[in-house]
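One structure is given below, encoded as C-alpha coordinates.
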Amino acid sequence: MQIIRTIVQIGILTIYYYLGVLIVNITGIFIPASIVGLILLWLSLYFKLLKVEFIRDGATFFLAFLTLFFIPSTIGVVDHPELLSKAGLYLILAVIISTLVTIALTGKWSGWIEKKEAAVKDGEQ
Amino acid sequence: MQALFAIVSTVGLFLIYQKLYAKWSKPYLLPILTTAITLVTVLLVFKIPYATYMQGGQWIHKMLGPAVVALAYPLYNQRKLVFQYKYSIISSLIVAMLSGLISVFLLLKVFKASHAFMLTALPKSLTTPIAMQVSETIGGVVPLSALLVMIAGFTGALLGPTVYKLAKIDTAISRGVSMGSASHGVGVSKLTEYGEKDVSIGSLAMGLSAVLGAFICPLFAMLFLS
(Lines give C-alpha, C1' and ligand atoms only; values in the text may rest on other atoms or scores of the structure.)
Protein backbone atom coordinates (compact mmCIF):
# COMPACT_ATOMS: atom_id res chain seq x y z
CA MET A 1 0.00 0.00 0.00
CA GLN A 2 2.78 2.34 1.08
CA ILE A 3 4.70 1.67 -2.14
CA ILE A 4 1.68 2.25 -4.38
CA ARG A 5 0.86 5.46 -2.53
CA THR A 6 4.43 6.71 -2.94
CA ILE A 7 4.40 5.91 -6.67
CA VAL A 8 1.07 7.68 -7.22
CA GLN A 9 2.35 10.71 -5.30
CA ILE A 10 5.55 10.78 -7.36
CA GLY A 11 3.15 10.95 -10.33
CA ILE A 12 1.38 13.97 -8.81
CA LEU A 13 4.71 15.76 -8.26
CA THR A 14 5.72 14.94 -11.84
CA ILE A 15 2.46 16.45 -13.10
CA TYR A 16 3.32 19.67 -11.24
CA TYR A 17 6.75 19.62 -12.85
CA TYR A 18 5.22 19.31 -16.33
CA LEU A 19 2.77 22.12 -15.51
CA GLY A 20 5.90 24.19 -14.86
CA VAL A 21 7.39 23.07 -18.18
CA LEU A 22 4.15 24.03 -19.94
CA ILE A 23 4.06 27.50 -18.35
CA VAL A 24 7.72 28.15 -19.20
CA ASN A 25 7.15 27.05 -22.80
CA ILE A 26 4.03 29.19 -23.24
CA THR A 27 5.28 32.36 -21.55
CA GLY A 28 8.97 32.02 -22.41
CA ILE A 29 9.93 33.22 -18.90
CA PHE A 30 13.56 32.91 -17.94
CA ILE A 31 13.31 30.69 -14.84
CA PRO A 32 13.64 26.91 -14.43
CA ALA A 33 10.43 24.93 -14.98
CA SER A 34 11.00 23.00 -11.77
CA ILE A 35 10.86 26.24 -9.75
CA VAL A 36 7.57 27.18 -11.42
CA GLY A 37 6.29 23.71 -10.45
CA LEU A 38 7.55 24.18 -6.89
CA ILE A 39 5.72 27.50 -6.54
CA LEU A 40 2.51 26.06 -8.03
CA LEU A 41 2.66 23.17 -5.56
CA TRP A 42 3.33 25.48 -2.60
CA LEU A 43 0.38 27.67 -3.59
CA SER A 44 -1.88 24.61 -4.03
CA LEU A 45 -0.98 23.48 -0.51
CA TYR A 46 -1.30 26.95 0.98
CA PHE A 47 -4.74 27.60 -0.53
CA LYS A 48 -5.84 24.05 0.36
CA LEU A 49 -6.46 23.01 -3.27
CA LEU A 50 -4.35 19.96 -2.50
CA LYS A 51 -4.06 18.16 0.82
CA VAL A 52 -0.53 17.76 2.08
CA GLU A 53 -1.27 14.02 2.63
CA PHE A 54 -1.54 13.67 -1.15
CA ILE A 55 2.12 14.48 -1.71
CA ARG A 56 3.80 13.75 1.64
CA ASP A 57 5.12 10.25 0.88
CA GLY A 58 6.19 11.14 -2.65
CA ALA A 59 7.96 14.29 -1.47
CA THR A 60 9.67 12.42 1.37
CA PHE A 61 10.94 9.86 -1.12
CA PHE A 62 12.27 12.51 -3.51
CA LEU A 63 13.94 14.47 -0.73
CA ALA A 64 15.62 11.38 0.72
CA PHE A 65 17.28 10.69 -2.64
CA LEU A 66 17.61 14.26 -3.86
CA THR A 67 21.40 14.07 -3.99
CA LEU A 68 21.29 10.98 -6.18
CA PHE A 69 19.45 12.82 -8.95
CA PHE A 70 22.18 15.37 -9.52
CA ILE A 71 25.12 12.98 -9.54
CA PRO A 72 24.98 12.24 -13.32
CA SER A 73 25.21 15.94 -14.16
CA THR A 74 27.94 16.54 -11.59
CA ILE A 75 30.30 13.95 -13.00
CA GLY A 76 30.07 15.82 -16.30
CA VAL A 77 33.16 17.60 -14.91
CA VAL A 78 35.18 14.88 -16.68
CA ASP A 79 34.43 16.75 -19.91
CA HIS A 80 35.65 20.05 -18.40
CA PRO A 81 39.34 19.88 -17.54
CA GLU A 82 39.45 23.72 -17.71
CA LEU A 83 38.69 23.86 -14.00
CA LEU A 84 42.26 22.73 -13.34
CA SER A 85 43.64 25.64 -15.35
CA LYS A 86 44.69 29.00 -13.88
CA ALA A 87 41.31 30.50 -14.82
CA GLY A 88 39.61 27.63 -12.99
CA LEU A 89 41.59 28.29 -9.83
CA TYR A 90 40.60 31.98 -9.97
CA LEU A 91 37.00 30.88 -10.33
CA ILE A 92 37.28 28.75 -7.17
CA LEU A 93 39.02 31.55 -5.29
CA ALA A 94 36.28 34.01 -6.28
CA VAL A 95 33.60 31.64 -4.98
CA ILE A 96 35.41 31.16 -1.65
CA ILE A 97 35.90 34.90 -1.05
CA SER A 98 32.37 35.75 -2.18
CA THR A 99 30.91 33.13 0.16
CA LEU A 100 32.82 34.51 3.16
CA VAL A 101 31.75 38.08 2.31
CA THR A 102 28.14 36.95 1.97
CA ILE A 103 28.13 35.18 5.34
CA ALA A 104 29.69 38.16 7.11
CA LEU A 105 27.41 40.82 5.56
CA THR A 106 24.22 38.77 5.90
CA GLY A 107 24.98 37.75 9.48
CA LYS A 108 25.74 41.35 10.52
CA TRP A 109 22.64 42.69 8.77
CA SER A 110 20.39 40.04 10.28
CA GLY A 111 21.73 40.67 13.79
CA TRP A 112 21.17 44.39 13.39
CA ILE A 113 17.56 43.99 12.15
CA GLU A 114 16.89 41.55 14.97
CA LYS A 115 17.98 44.12 17.57
CA LYS A 116 15.81 46.77 15.90
CA GLU A 117 12.81 44.44 15.94
CA ALA A 118 13.39 43.61 19.59
CA ALA A 119 13.67 47.34 20.42
CA VAL A 120 10.38 48.07 18.62
CA LYS A 121 8.64 45.25 20.49
CA ASP A 122 9.99 46.53 23.83
CA GLY A 123 8.72 49.99 22.97
CA GLU A 124 5.21 48.65 22.34
CA GLN A 125 4.98 46.98 25.71
CA MET B 1 23.39 -3.03 -21.21
CA GLN B 2 25.84 -0.17 -20.66
CA ALA B 3 22.94 2.05 -19.70
CA LEU B 4 21.71 -0.41 -17.11
CA PHE B 5 25.21 -0.75 -15.70
CA ALA B 6 25.50 3.04 -15.34
CA ILE B 7 22.19 3.22 -13.47
CA VAL B 8 22.90 0.28 -11.18
CA SER B 9 26.42 1.41 -10.30
CA THR B 10 25.35 5.00 -9.60
CA VAL B 11 22.42 4.01 -7.40
CA GLY B 12 24.40 1.24 -5.71
CA LEU B 13 27.39 3.43 -4.89
CA PHE B 14 25.10 6.18 -3.66
CA LEU B 15 23.25 3.83 -1.28
CA ILE B 16 26.50 2.45 0.12
CA TYR B 17 28.00 5.91 0.64
CA GLN B 18 24.74 7.13 2.18
CA LYS B 19 25.05 4.34 4.79
CA LEU B 20 28.64 5.33 5.41
CA TYR B 21 27.65 8.97 5.88
CA ALA B 22 24.90 7.97 8.30
CA LYS B 23 27.60 6.35 10.41
CA TRP B 24 30.23 9.11 10.22
CA SER B 25 28.67 12.46 9.32
CA LYS B 26 31.84 14.17 8.13
CA PRO B 27 31.45 16.78 5.36
CA TYR B 28 34.05 15.04 3.18
CA LEU B 29 31.95 11.84 3.33
CA LEU B 30 28.88 13.51 1.80
CA PRO B 31 27.38 10.94 -0.63
CA ILE B 32 27.39 13.43 -3.52
CA LEU B 33 31.13 13.90 -3.11
CA THR B 34 32.14 10.29 -2.57
CA THR B 35 29.85 8.92 -5.30
CA ALA B 36 30.95 11.55 -7.81
CA ILE B 37 34.66 11.06 -7.08
CA THR B 38 34.37 7.28 -7.44
CA LEU B 39 32.47 7.51 -10.72
CA VAL B 40 34.78 10.17 -12.16
CA THR B 41 37.77 7.99 -11.28
CA VAL B 42 36.19 4.95 -12.94
CA LEU B 43 35.38 6.92 -16.11
CA LEU B 44 38.92 8.32 -16.30
CA VAL B 45 40.73 5.05 -15.51
CA PHE B 46 38.73 2.93 -17.95
CA LYS B 47 38.55 5.76 -20.52
CA ILE B 48 34.74 5.63 -20.67
CA PRO B 49 33.31 8.74 -22.42
CA TYR B 50 30.84 10.77 -20.36
CA ALA B 51 28.28 10.40 -23.18
CA THR B 52 28.40 6.61 -22.76
CA TYR B 53 27.79 6.92 -19.03
CA MET B 54 24.91 9.32 -19.67
CA GLN B 55 23.02 6.73 -21.75
CA GLY B 56 22.00 5.39 -18.36
CA GLY B 57 22.77 8.46 -16.27
CA GLN B 58 20.16 10.54 -18.09
CA TRP B 59 17.38 8.45 -16.56
CA ILE B 60 18.52 9.38 -13.08
CA HIS B 61 18.99 12.98 -14.17
CA LYS B 62 15.39 13.13 -15.47
CA MET B 63 14.14 12.75 -11.89
CA LEU B 64 15.79 16.01 -10.85
CA GLY B 65 13.00 18.30 -12.10
CA PRO B 66 10.16 16.57 -10.23
CA ALA B 67 12.43 16.21 -7.16
CA VAL B 68 12.98 19.98 -7.06
CA VAL B 69 9.19 20.43 -7.08
CA ALA B 70 9.10 18.31 -3.91
CA LEU B 71 11.07 21.04 -2.09
CA ALA B 72 7.72 22.83 -1.82
CA TYR B 73 6.83 20.35 0.95
CA PRO B 74 9.44 21.46 3.55
CA LEU B 75 8.83 25.09 2.56
CA TYR B 76 5.13 24.58 3.22
CA ASN B 77 5.84 22.99 6.62
CA GLN B 78 8.08 25.91 7.59
CA ARG B 79 5.61 28.64 6.62
CA LYS B 80 4.91 29.62 10.25
CA LEU B 81 8.61 30.22 10.91
CA VAL B 82 8.73 32.71 8.01
CA PHE B 83 5.88 34.80 9.34
CA GLN B 84 7.42 34.76 12.80
CA TYR B 85 10.69 36.35 11.68
CA LYS B 86 9.56 37.91 8.45
CA TYR B 87 11.55 41.17 8.51
CA SER B 88 14.88 39.77 9.57
CA ILE B 89 14.65 36.70 7.33
CA ILE B 90 13.31 38.32 4.17
CA SER B 91 15.55 41.39 4.28
CA SER B 92 18.58 39.21 5.08
CA LEU B 93 17.83 36.97 2.11
CA ILE B 94 17.90 40.00 -0.16
CA VAL B 95 21.18 41.20 1.40
CA ALA B 96 22.65 37.71 0.92
CA MET B 97 21.50 37.44 -2.68
CA LEU B 98 22.88 40.85 -3.65
CA SER B 99 26.17 40.57 -1.78
CA GLY B 100 26.75 37.07 -3.17
CA LEU B 101 26.03 38.04 -6.77
CA ILE B 102 27.81 41.39 -6.74
CA SER B 103 30.93 40.13 -4.95
CA VAL B 104 31.43 37.11 -7.19
CA PHE B 105 30.74 39.22 -10.28
CA LEU B 106 33.28 41.90 -9.30
CA LEU B 107 35.92 39.35 -8.28
CA LEU B 108 35.60 37.55 -11.59
CA LYS B 109 35.80 40.87 -13.43
CA VAL B 110 39.07 41.59 -11.61
CA PHE B 111 40.32 38.08 -12.43
CA LYS B 112 39.29 38.62 -16.08
CA ALA B 113 37.18 35.46 -16.13
CA SER B 114 35.36 34.41 -19.30
CA HIS B 115 31.70 35.18 -19.87
CA ALA B 116 30.82 31.48 -19.56
CA PHE B 117 32.63 31.18 -16.21
CA MET B 118 30.74 34.20 -14.84
CA LEU B 119 27.38 32.68 -15.74
CA THR B 120 28.55 29.39 -14.25
CA ALA B 121 29.44 31.04 -10.92
CA LEU B 122 26.24 33.08 -10.43
CA PRO B 123 24.08 30.35 -8.85
CA LYS B 124 26.88 29.12 -6.51
CA SER B 125 25.06 29.95 -3.26
CA LEU B 126 21.87 28.07 -4.16
CA THR B 127 21.19 24.48 -3.18
CA THR B 128 22.69 22.15 -5.82
CA PRO B 129 19.54 20.92 -7.64
CA ILE B 130 18.21 24.44 -8.07
CA ALA B 131 21.65 25.87 -8.88
CA MET B 132 22.01 23.31 -11.68
CA GLN B 133 18.64 24.18 -13.17
CA VAL B 134 19.40 27.91 -12.93
CA SER B 135 22.83 27.37 -14.51
CA GLU B 136 21.16 25.52 -17.38
CA THR B 137 18.60 28.30 -17.84
CA ILE B 138 21.17 31.11 -17.99
CA GLY B 139 23.68 29.19 -20.11
CA GLY B 140 26.35 28.27 -17.56
CA VAL B 141 28.44 25.08 -17.56
CA VAL B 142 26.16 22.90 -15.42
CA PRO B 143 28.69 20.40 -13.94
CA LEU B 144 31.06 23.24 -13.07
CA SER B 145 28.23 25.09 -11.33
CA ALA B 146 27.59 21.96 -9.27
CA LEU B 147 31.24 21.89 -8.25
CA LEU B 148 31.25 25.58 -7.31
CA VAL B 149 28.12 25.01 -5.23
CA MET B 150 30.04 22.32 -3.32
CA ILE B 151 32.94 24.72 -2.81
CA ALA B 152 30.60 27.43 -1.50
CA GLY B 153 29.13 24.83 0.87
CA PHE B 154 32.48 23.68 2.19
CA THR B 155 33.69 27.26 2.59
CA GLY B 156 30.75 27.95 4.89
CA ALA B 157 31.03 24.68 6.79
CA LEU B 158 34.79 25.00 7.39
CA LEU B 159 35.32 28.77 7.68
CA GLY B 160 31.83 29.99 8.72
CA PRO B 161 32.50 29.58 12.47
CA THR B 162 35.65 31.74 12.13
CA VAL B 163 33.64 34.46 10.36
CA TYR B 164 31.05 34.32 13.16
CA LYS B 165 33.77 34.89 15.75
CA LEU B 166 35.55 37.68 13.87
CA ALA B 167 32.37 39.53 12.89
CA LYS B 168 30.63 38.83 16.22
CA ILE B 169 27.65 37.11 14.61
CA ASP B 170 26.15 35.54 17.69
CA THR B 171 22.42 34.84 17.36
CA ALA B 172 20.66 31.75 16.04
CA ILE B 173 18.75 33.73 13.40
CA SER B 174 21.80 35.55 12.03
CA ARG B 175 23.89 32.37 11.92
CA GLY B 176 21.07 30.37 10.31
CA VAL B 177 20.07 32.91 7.72
CA SER B 178 23.65 33.73 6.65
CA MET B 179 24.74 30.09 6.38
CA GLY B 180 21.55 28.93 4.65
CA SER B 181 21.69 31.67 2.05
CA ALA B 182 25.45 31.52 1.36
CA SER B 183 26.39 27.86 1.84
CA HIS B 184 23.08 25.90 1.52
CA GLY B 185 22.76 22.38 2.99
CA VAL B 186 26.45 21.65 3.44
CA GLY B 187 26.91 24.78 5.53
CA VAL B 188 23.65 24.29 7.42
CA SER B 189 24.73 20.79 8.49
CA LYS B 190 27.58 22.49 10.37
CA LEU B 191 25.02 24.51 12.35
CA THR B 192 23.93 21.40 14.26
CA GLU B 193 26.88 22.26 16.52
CA TYR B 194 25.17 25.52 17.51
CA GLY B 195 21.59 24.45 18.07
CA GLU B 196 18.30 23.30 16.63
CA LYS B 197 17.00 26.81 15.98
CA ASP B 198 20.10 27.61 13.88
CA VAL B 199 19.41 24.54 11.76
CA SER B 200 15.72 25.16 11.19
CA ILE B 201 16.30 28.83 10.31
CA GLY B 202 19.23 27.70 8.14
CA SER B 203 17.24 25.19 6.12
CA LEU B 204 14.40 27.67 5.72
CA ALA B 205 16.84 30.32 4.46
CA MET B 206 18.35 27.76 2.10
CA GLY B 207 14.97 26.93 0.54
CA LEU B 208 13.76 30.51 0.28
CA SER B 209 17.01 31.85 -1.13
CA ALA B 210 17.03 29.10 -3.75
CA VAL B 211 13.56 30.13 -4.94
CA LEU B 212 14.54 33.81 -4.81
CA GLY B 213 17.77 33.04 -6.66
CA ALA B 214 15.88 31.29 -9.44
CA PHE B 215 14.34 34.69 -10.23
CA ILE B 216 17.24 37.01 -9.40
CA CYS B 217 20.13 35.11 -11.04
CA PRO B 218 18.58 35.10 -14.53
CA LEU B 219 17.66 38.77 -14.06
CA PHE B 220 21.21 39.62 -12.98
CA ALA B 221 22.59 37.68 -15.95
CA MET B 222 20.29 39.56 -18.32
CA LEU B 223 21.23 42.97 -16.90
CA PHE B 224 24.99 42.57 -16.54
CA LEU B 225 26.08 39.61 -18.61
CA SER B 226 24.25 39.79 -21.92
Side-chain angles (χ1 to χ4, degrees), chain A residues 10 13-14 16-17 20 30-35 37-39 41-42 45-46 52 55-56 58-60 62-63 65-80 83 87 90-111 113-114 117, chain B residues 10 14 31-32 35-36 39-40 43 50 57 60-61 63-73 75-76 87-88 91-92 95-96 99-100 103-104 107-108 111 117 124 128-129 132-133 137 142-144 146-148 151-152 155-156 160 163 167 169 171 173-174 177-178 181-182 214-215 218:
Chain A
I10 286 173
L13 291 166
T14 308
Y16 270 88
Y17 171 65
F30 209 41
I31 47 174
S34 53
I35 296 292
L38 184 162
I39 292 168
L41 178 60
W42 195 92
L45 293 172
Y46 190 77
V52 73
I55 56 115
R56 182 181 289 145
T60 308
F62 268 141
L63 296 176
F65 295 102
L66 188 57
T67 326
L68 172 65
F69 306 132
F70 49 81
I71 287 171
S73 263
T74 308
I75 69 169
V77 287
V78 292
D79 280 353
H80 296 278
L83 199 70
Y90 275 135
L91 186 62
I92 291 172
L93 188 66
V95 167
I96 293 175
I97 298 172
S98 166
T99 302
L100 294 175
V101 168
T102 308
I103 292 177
L105 287 178
T106 310
K108 281 315 267 183
W109 169 269
S110 166
I113 289 288
E114 218 182 314
E117 260 184 318
Chain B
T10 307
F14 176 78
I32 170 71
T35 312
L39 287 172
V40 165
L43 293 192
Y50 178 59
I60 300 175
H61 177 70
M63 305 286 276
L64 186 59
V68 166
V69 174
L71 287 167
Y73 172 62
L75 280 175
Y76 173 76
Y87 298 113
S88 40
S91 69
S92 303
V95 169
S99 55
S103 61
V104 82
L107 284 163
L108 289 174
F111 293 153
F117 268 10
K124 63 151 176 37
T128 316
M132 290 176 114
Q133 309 245 294
T137 307
V142 177
L144 288 194
L147 217 68
L148 296 179
I151 290 167
T155 304
V163 177
I169 294 163
T171 66
I173 297 179
S174 54
V177 83
S178 59
S181 55
F215 288 87

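All values below come from the heavy atoms of this structure, side chains included, with hydrogens, waters and symmetry mates left out. Quick note on labels: first sequence line is chain A, next is B, and so on, each numbered from 1.
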Please evaluate residues A/Leu68 and B/Thr10 with respect to the criterion side chain to side chain contact (heavy atoms under 4.5 Å, CB included), reporting the C-alpha separation (whole Å), side-chain torsions for both, the decisive distance (0.1 Å), and the verdict.
CA-CA 8 Å; A/Leu68 172 65; B/Thr10 307; 4.1 Å; yes
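Counting all heavy atoms, side chain and backbone alike, A/Leu45 lies closest to B/Ala72 at CD1-O, 4.5 Å. Closest non-hydrogen pair, B/Ser178 versus A/Gly107, comes out as CB-N, 3.6 Å. Here the shortest heavy-atom pairing between A/Thr102 and B/Ala96 reads CG2-O, 3.5 Å. Here the shortest heavy-atom pairing between A/Ile35 and B/Ala214 reads CG1-CB, 3.6 Å. B/Val69 and A/Ser34 get closest at one heavy-atom pair: CG2-O, 3.6 Å. Considering all non-hydrogen atoms of both residues, A/Ile103 and B/Gly160 come closest at CD1-CA, 4.4 Å.
With chain A as the partner, the residue from B/Leu144, B/Leu39, B/Thr35, B/Leu108 showing the most heavy-atom pairs under 4.5 Å is B/Leu144. Of the listed residues B/Val177, B/Leu147, B/Leu148, the one with more heavy-atom pairs under 4.5 angstrom with chain A than any other is B/Leu148. Chosen from A/Asp79, A/Thr99, A/Leu13, the residue pairing most often with chain B at heavy-atom distances under 4.5 Å is A/Thr99. If you tally non-hydrogen atom pairs under 4.5 Å between each of B/Ser174, B/Pro31, B/Ala146, B/Ala167 and chain A, the highest count goes to B/Ser174. The candidate with the highest count of non-hydrogen atom pairs below 4.5 Å against chain A, out of B/Gly100, B/Ala182, B/Ala152, B/Ser92, is B/Ser92. When the candidates A/Ile97, A/Leu63, A/Leu105 are compared by the number of heavy-atom contacts under 4.5 Å with chain B, A/Leu63 comes out ahead. Contact count against chain A (heavy-atom pairs under 4.5 Å) is highest for B/Ser99 among B/Ala36, B/Ser99, B/Gly156, B/Ser181. Note: A/Ala94 leads A/Ala104, A/Gly37, A/Ala94, A/Gly111 in heavy-atom pairs under 4.5 Å with chain B. Of the listed residues A/Ile113, A/Leu91, A/Ile96, the one with more heavy-atom pairs under 4.5 angstrom with chain B than any other is A/Leu91.
Residues B/Val40 and A/Val77 form a side-chain contact, since some pair of their non-hydrogen atoms from C-beta on lies under 4.5 Å apart. A/Ile39 is listed as a side-chain neighbour of B/Phe215, based on a closest heavy-atom distance under 4.5 Å. A/Leu66 is listed as a side-chain neighbour of B/Pro129, based on a closest heavy-atom distance under 4.5 Å. Residues B/Leu75 and A/Leu38 form a side-chain contact, since some pair of their non-hydrogen atoms from C-beta on lies under 4.5 Å apart.
Contact annotation for B/Met63: both backbone and side-chain heavy atoms come within less than 4.5 Å of a heavy atom of chain A. In this structure, chain A has heavy atoms under 4.5 Å from both the backbone and the side chain of B/Leu64. B/Phe14 touches chain A through its side chain: at least one heavy atom from C-beta onward sits under 4.5 Å away, while N, CA, C and O do not. If you measure heavy-atom distances from B/Val104 to chain A, the contacts under 4.5 Å come from both the backbone and the side chain. Neither the backbone nor the side chain of A/Ala33 comes within contact range of chain B, judged by heavy atoms closer than 4.5 Å.
Note that CH2 of A/Trp109 is 11.0 Å distant from OG of B/Ser88, once rounded to the nearest 0.5 Å. The line from NE2 of B/His61 to OG1 of A/Thr74 is 10.0 Å long, rounded to the nearest 0.5 Å. To the nearest 0.5 Å, atoms CD1 (A/Ile75) and CG (B/Leu43) are separated by 5.0 Å. Annotation: the span from A/Phe62 atom CZ to B/Leu71 atom CG amounts to 11.0 Å, rounded to 0.5 Å. Put simply, OG1 on B/Thr128 and CZ on A/Phe69 are 14.0 Å apart, with the number rounded to the nearest 0.5 Å. B/Tyr73 contributes atom OH, which lies 11.5 Å from atom CG of A/Leu41 (distance to the nearest 0.5 angstrom).
Applying the 6.0 Å contact sphere to OH of A/Tyr90 captures no more than 12 heavy atoms from other residues, nucleotides or ligands.
For A/Tyr46, the ring pair (Phe, Tyr, Trp, His ring centres under 6.0 Å) partners two or more places apart in sequence, or in a different chain, are A/Trp42.
In the model, B/Ser103 has a side-chain atom that pairs as donor or acceptor with a side-chain atom of A/Ser98 under 3.5 Å.
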